[in-house]
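To start, the structure itself, in structure tokens.
Order of the sequence lines fixes the chain letters, A, B, ..., with proteins taken first and strands second; residue numbering starts at 1 for each chain. Reckoned from all heavy atoms, side chains included, excluding hydrogens, waters and symmetry mates.
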Number of protein chains: 2
Amino acid sequence: MQTPIPDIVVSRLPVYFQTLQTMQAEGQHTTSSKELGEKLGISAAQIRKDLSQFGEFGKQGTGYIISFLIDQLKTILNMDHSWDVAVIGAGNLGKAIAHYHGFAPQGFNIKLVFDTSPDLIGTNIGDLNILDIDELIPCIKKAGVKIAMLTVPDAAAQAVADELVKAGIEGILNYTSTPLNLPPRVVHLRHSDPVSQLQHMTYYIGKSK
Amino acid sequence: MQTPIPDIVVSRLPVYFQTLQTMQAEGQHTTSSKELGEKLGISAAQIRKDLSQFGEFGKQGTGYIISFLIDQLKTILNMDHSWDVAVIGAGNLGKAIAHYHGFAPQGFNIKLVFDTSPDLIGTNIGDLNILDIDELIPCIKKAGVKIAMLTVPDAAAQAVADELVKAGIEGILNYTSTPLNLPPRVVHLRHSDPVSQLQHMTYYIGKSK
DNA sequence: GAGAATTTGTGAATAATTTCGCAAATTCAG
DNA sequence: CTGAATTTGCGAAATTATTCACAAATTCTC
Ligand SMILES: NC(=O)c1ccc[n+]([C@@H]2O[C@H](COP(=O)([O-])OP(=O)(O)OC[C@H]3O[C@@H](n4cnc5c(N)ncnc54)[C@H](O)[C@@H]3O)[C@@H](O)[C@H]2O)c1
Ligand SMILES: NC(=O)c1ccc[n+]([C@@H]2O[C@H](COP(=O)([O-])OP(=O)(O)OC[C@H]3O[C@@H](n4cnc5c(N)ncnc54)[C@H](O)[C@@H]3O)[C@@H](O)[C@H]2O)c1
């Protein structure tokens, strides 16, 4: 890799990838940057520029063969093999995530679930046994899990995240509202905070009144 | 408003707002763009530029009085009053959201919950009664709810979203993995898709191996 | 109270991102 | 087979976003 691909480009690839998968599921065989762009509200030029960072995947006059482009994106995103994931915190949200059947078909297998509560440890979510948070480091190391979804109460978020780093986790999807402070070269952080997203909306909704 | 504030600036305001609230809860009285920036991994200059779009809220030598800046951001984000929210789809995720006690303190009251399932309609989540999706339009209009969180199965997402628009909803937080096609001047859309966020991570995690 | 230290707000410079525009390749219509 | 229509990939231009750098205001130190 000569110059690193801009992160903003990388952030759009999963969107292209999933839209192409939907098109394929609907029986479509080829598409164009124009069609994809209209579906996503993005300019055709942007899609072509983004893809051109990684190679030449299309054909003039025809556009893109969906199955081929999906395969290419799968490799680029390292989704040509599946990933094991740990869920930390088996409360309302952690349970919903662990029950959700939409991750596995996309290549994310929930392998480990942890909690502190003695009422939960040892019980099952589906066929997953809830493990003691004290076993976090050895279990994650042993299983070689690299990705965690953090669904503990806000007050515990930073401490648990620090443990995750010690356990060798490389990616954390943070569902708490705490902005985590972690070494940036070691862990890839992504924040999913519905309150921020709602406040982003209320800025505009309020204005229109 | 002369020139509209760039959306990327607006998107950072909720992050500032929430961090300031945490600082205040910890008993802190003033802060500076430097301190806030270090906490968030953002440059001090960026924070000052962002805030300067809305006015002059700080003082040379001192920085910002946290309570004052919180009040200003509250007004800017239209969070000086609370907002009613509807949850559409009372499944795993919809239930977790409806049970979650973190929205109300932030000014978002879950007022209405809808589902199609006869097994769920009429039952309660906490003290919320699950309503029939057939009543969506009249109920939302009557309650004057402007914001919806969409947690129905992917296959139903677009159809339900179209109904929400007819009901006069102005903001949709989309938890499904379907990219919705809606009139952009009418509805403010925000997408929360964990699979995309995980794939954004796997791009980088794979590379480091 | 004088001088050092902080810190803001902002114009200018720099950097990043998006859009434009077009040659080249390909397909389509008749 | 010919001319019109599509569509890509990409360099260049335009736009947008971030950082720099500094005067001015304020506080802190002794
Ligand atoms: N429920 C939602 O819809 C929702 C939405 C957005 C964000 N969140 C965020 O997700 C987080 C969890 O929310 P929730 O509603 O599931 O809360 P919850 O209280 O239902 O669940 C938290 C779980 O974490 C466990 N826990 C506590 N400390 C722990 C530790 N140190 N290690 C491991 N497990 C620990 C608790 O025993 C509990 O089971 C919160 O930070 C919340 O802000 C939740
Ligand atoms: N569970 C998760 O952790 C999770 C995570 C990310 C995304 N999602 C997304 O959230 C959505 C819901 O997931 P879930 O796990 O809660 O699924 P679920 O099947 O548990 O719940 C969906 C609910 O929607 C109801 N429903 C179906 N059609 C409806 C309609 N037309 N109108 C109103 N209600 C209707 C169903 O009766 C069900 O109660 C899915 O699109 C999924 O991709 C879920």
Numerically ordered, the residues 44-69 of chain B set in heavy-atom contact under 4.0 Å with DNA chain C is B/Arg48, B/Lys49, B/Ser52, B/Glu56, B/Phe57, B/Gly58, B/Lys59, B/Gln60, B/Gly61, B/Thr62, B/Gly63, B/Tyr64

Within residues 6-34 of chain B, those residues having any heavy atom closer than 4.0 Å to DNA chain C are B/Ser32, B/Ser33

Here the gap from B/Met149 atom CE to B/Phe108 atom CZ, rounded to the nearest 0.5 Å, amounts to 9.0 Å

Separation between CD (B/Gln72) and CG (B/Leu20), nearest 0.5 Å, reads 12.0 Å

More than 12 heavy atoms from other groups under 6.0 Å of [atom1] on [X]:
X: B/Leu128; atom1: CG; result: yes
X: A/Leu182; atom1: CG; result: yes
X: B/Lys39; atom1: NZ; result: yes

Measure up the B/His81 and B/Trp83 rings against each other and bin them: parallel (under 30°), tilted (30 to 60°), perpendicular (over 60°).
tilted

Checking A/Val187, A/Leu173, A/Leu77 against B/Met201 for side-chain contact (heavy atoms from CB on, under 4.5 Å), the one that qualifies is A/Leu173

